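Step one of this worksheet: look at the structure below.
As the structure is a prediction and not an experimental result, all values here were calculated from the model.
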Amino acid sequence: MMRKWEGGDPGVAHQKTPTCLLLTPEGAFHSFGYTARDYYHDLDPEEARDWLYFEKFKMKIHSATDLTLKTQLEAVNGKTMPALEVFAHALRFFREHALQELREQSPSLPEKDTVRWVLTVPAIWKQPAKQFMREAAYLAGLVSRENAEQLLIALEPEAASVYCRKLRLHQLLDLSGRAPGGGRLGERRSIDSSFRQAREQLRRYRHSRTFLVESGVGELWAEMQAGDRYVVADCGGGTVDLTVHQLEQPHGTLKELYKASGGPYGAVGVDLAFEQLLCRIFGEDFITTFKRQRPAAWVDLTIAFEARKRTAGPHRAGALNISLPFSFIDFYRKQRGHNVETALRRSSVNFVKWSSQGMLRMSCEAMNELFQPTVSGIIQHIEALLARPEVQGVKLLFLVGGFAESAVLQHAVQAALGTRGLRVVVPHDVGLTILKGAVLFGQAPGVVRVRRSPLTYGVGVLNRFVPGRHPPEKLLVRDGRRWCTDVFERFVAAEQSVALGEEVRRSYCPARPGQRRVLINLYCCATEDARFITDPGVRKCGALSLELEPADCGQDAAGPPPGRREIRAAMQFGDTEIKVTAVDVSTNRSVRASIDFLSN
């Protein structure tokens, strides 16, 4: 584990660095993480206006409805920059940081093609966002296009699931209270006592399941039978991601039972709720102006709130004080003509008071209220998932991700779901679960053997027109033959189980001799019953490209003219990314094939 993150907040232990990027006024990389945040914070306000500071930008590419390689991101000062460059700056920093660490440990390590990189993304991200991350990695120099297999895209809840397979009982916190130690819900119980109680219970399993323990599968898994099901709820900064896996024997591989689901219910939702609270008290126009004209002071305020947010809990007593920067107090008085204390008295918010020490004094109930929209969204998603017939019989819920450290979230999930008999478990070092699982996934990418397709994918084709079955407006007469246009030929259906390595094969013929490229539009929809590419909900989502060699390449010029050329494409939908390969049937040579989800 690399923990050499400079900076950080006093009194707060951080195992991660925040998603903050600072570029110079010329657009060159300056710093990332705490270093970027602290340097930007210390800039003179006038000078800071020219610097490009990006924060919490990861989810912007998920929310973009028409993501392309030209999509722009807005910095705090209002200036824009291509999102691809912003992400590449961050990934390039990670690359250099990691390689420097490796060089210190192994000076003779060759850099080129030595490292397999694993980028984790939320499972609910669509194909364009995954491709975007791969393109950013190419631009950052993590890998080259020629060695694309050296970069893996891992789905965050899958990575967490892979890591949880390795855990032993003393590495888990059981919120259901089954582990001994008493105390309130969400408190850390004795590791030793948990292990002692479990040891005798597990003794009888070990003889029959030695292969599980020896292969690195954890003790909790030794309790589970083949076919047992569990949910992983990855609660991160921007999203909640849910996945359901079934344990398969004898190798401990995993099978996805329902397509990944979730929504924008991450910890950042609590930050936005706090910002909305400030807007109610001081006015939305003032907060917008303050963020724009005093960006460093706004960062200071968010740091103060973050420290208090981490101490929130369902059983905490006493109010929470949040420091207001002097710049905020002074700027408000100049803008409004009265002080912040007057604003608090005049506002309709009665659970936030003014402290004589120059702080906002917020009741614990008020702080917990800021969590409610986000926490409720997470619980509703989990409940909706558990109601699906495909996931009946789930025994365990793993709560992972940085937001899962929150005692407020832990208590709410246990209170809502514990009555179902569901065992809610939180791994220790919960914020690092995905990172550690990503390493295990990189070593064994085949551990998730079966996945569910999130969407239906296919192409538009011509079929023979059948009166009574096909609508008259789809009739096309060509060379005396009657065709039905816009037929949606399905490759894979939404929620269909697809095994790793399973291929969907189709053959395509170039329309004319000498054609160098075949371009086929791909369509997708959320349902499996679409008949035509013009049906509601069906949209063009990408293009399949086949780059062809000249038709006579490798042929004897004196031989007979070649017949109709056939290109056989094989697509895989069971991996974390959709993949395609192609072969020219006549020459048995590989054809350069790719799927572009960013071209629009």
Side-chain angles (χ1 to χ4, degrees), residues 4-9 14 16-64 67-100 132-133 135-142 237-238 268 271-272 275 278 284-306 325-332 334-335:
K4 294 183 179 179
W5 298 120
E6 297 178 2
D9 304 329
H14 289 285
K16 295 183 178 182
T17 184
T19 309
C20 303
L21 174 71
L22 182 63
L23 306 179
T24 66
E26 295 75 33
F29 177 84
H30 180 272
S31 50
F32 184 88
Y34 291 116
T35 307
R37 191 195 67 182
D38 295 343
Y39 188 91
Y40 183 66
H41 168 267
D42 292 338
L43 285 172
D44 178 84
E46 291 300 319
E47 186 182 2
R49 293 180 188 178
D50 296 325
W51 287 66
L52 296 158
Y53 180 71
F54 300 88
E55 61 178 354
K56 301 174 183 175
F57 52 83
K58 174 181 168 182
M59 285 308 297
K60 297 292 175 62
I61 65 169
H62 171 68
S63 56
L67 181 66
T68 71
L69 296 178
K70 297 180 179 179
T71 295
Q72 301 283 307
L73 283 182
E74 185 176 335
V76 169
N77 63 2
K79 295 180 180 179
T80 60
M81 188 174 189
L84 191 69
E85 293 183 27
V86 174
F87 277 78
H89 275 305
L91 294 177
R92 192 178 296 114
F93 168 76
F94 298 153
R95 175 185 180 276
E96 293 171 359
H97 195 59
L99 290 179
Q100 178 60 34
F132 182 93
M133 290 300 292
E135 293 292 338
Y138 292 151
L139 184 60
L142 264 69
V268 71
D271 303 335
L272 293 174
E275 184 176 334
L278 294 178
E284 186 175 351
D285 57 334
F286 169 76
I287 295 298
T288 302
T289 304
F290 177 72
K291 287 171 66 178
R292 184 63 55 86
Q293 297 192 20
R294 297 290 186 271
W298 175 254
V299 171
D300 219 11
L301 180 53
T302 60
I303 292 171
F305 175 71
E306 177 68 21
F326 172 77
S327 178
F328 185 99
I329 298 170
D330 181 61
F331 192 70
Y332 185 80
K334 289 178 179 177
Q335 291 284 312

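In this structure, the ring of His89 has its center no less than 6.0 angstrom from the ring center of Phe93. Checked against the 6.0 Å centroid criterion, the rings of Tyr332 and Phe290 do not qualify as a close aromatic pair.
Taking every heavy atom of both residues into account, Ser31 and Ala36 meet most closely at OG-CA, 3.1 Å. The two atoms that bring Tyr34 and Thr17 nearest to each other are N-OG1, 3.5 Å, heavy atoms only. Here the shortest heavy-atom pairing between Val76 and Lys291 reads CG1-O, 4.1 Å. A pairwise comparison of heavy atoms in Leu91 and Ala140 identifies CB-CB, 3.8 Å as the closest pair. Scanning all heavy atoms of the two residues, the minimum distance from Gly141 to Arg95 falls at O-NE, 2.9 Å. Of all heavy-atom pairs spanning Gly27 and Leu52, the tightest one is CA-CD1, 4.0 Å.
Between Leu278 and Leu301 the shortest side-chain heavy-atom distance falls below 4.5 Å.
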So Met133 and Phe87, side-chain contact (heavy atoms from CB on, under 4.5 Å) or not? Walk me through it.
CA-CA 8 Å; Met133 290 300 292; Phe87 277 78; 3.7 Å; yes
Can Met81 and Leu73 be said to form a side-chain contact (heavy atoms from CB on, under 4.5 Å), step by step?
CA-CA 5 Å; Met81 188 174 189; Leu73 283 182; 5.8 Å; no
Under the side-chain contact (heavy atoms from CB on, under 4.5 Å) rule, what do Glu55 and Leu21 come out as? Steps first, then yes or no, please.
CA-CA 6 Å; Glu55 61 178 354; Leu21 174 71; over 6 Å; no
Verdict with reasoning, Val86 to Lys60, per side-chain contact (heavy atoms from CB on, under 4.5 Å):
CA-CA 11 Å; Val86 174; Lys60 297 292 175 62; over 6 Å; no
Salt bridge (Lys or Arg N to Asp or Glu O under 4.0 Å) between Glu74 and Arg292, intermediate numbers included
CA-CA 12 Å; Glu74 185 176 335; Arg292 184 63 55 86; 3.7 Å; yes
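Between Tyr39 and Trp51, the two ring planes are tilted [angle within 30° to 60°]. Using a 30° and 60° split on the angle between ring planes, Phe286 and Phe331 fall in the tilted class, from 30° to 60°. Ring geometry, Phe32 versus Phe94: the interplanar angle exceeds 60°, so the pair is classed perpendicular (tilted spans 30 to 60°).
To the nearest 0.5 Å, atom SG of residue Cys20 and atom CZ of residue Phe57 are 8.0 Å apart. Here CD of Glu306 is found 9.5 Å from CD1 of Ile303. Values are rounded to the nearest 0.5 Å. In this structure, the separation between CD on Gln335 and CG on Asp330 is 10.5 Å, given to the nearest 0.5 Å. To the nearest 0.5 Å, atoms CG (Leu84) and CD (Gln72) are separated by 10.5 Å. Going from atom CG of Asp50 over to atom CG of Leu23 covers 13.0 Å, rounded to the nearest 0.5 Å. Rounding to the nearest 0.5 Å gives a distance of 3.0 Å between NE2 of His41 and CG of Asp300.
Using modelled atom types, no side-chain atom of Thr71 and backbone atom of Leu67 make a donor-acceptor pair closer than 3.5 Å. Remark: side-chain polar atoms of Thr289 are paired, donor with acceptor, to backbone N or O of Asp285 under 3.5 angstrom. For the pair Asn77 (side chain) and Arg49 (backbone), a donor-acceptor distance under 3.5 Å is present. Within the 3.5 Å criterion, the main-chain N or O of Thr19 finds no donor-acceptor partner in the side chain of Arg37.
Other residues, nucleotides and ligands contribute only 12 or fewer heavy atoms inside 6.0 Å of the CD atom of Glu284.
With sequence neighbours excluded, the residues satisfying ring-ring contact (aromatic ring centres under 6.0 Å, His included) with Phe305 are Phe274. For Lys70, there are no salt bridge (charged side-chain N to carboxylate O under 4.0 Å, His left out) partners two or more places apart in sequence or in a different chain. Residues satisfying the ring-ring contact (aromatic ring centres under 6.0 Å, His included) test with Trp298, not counting sequence neighbours, are none.
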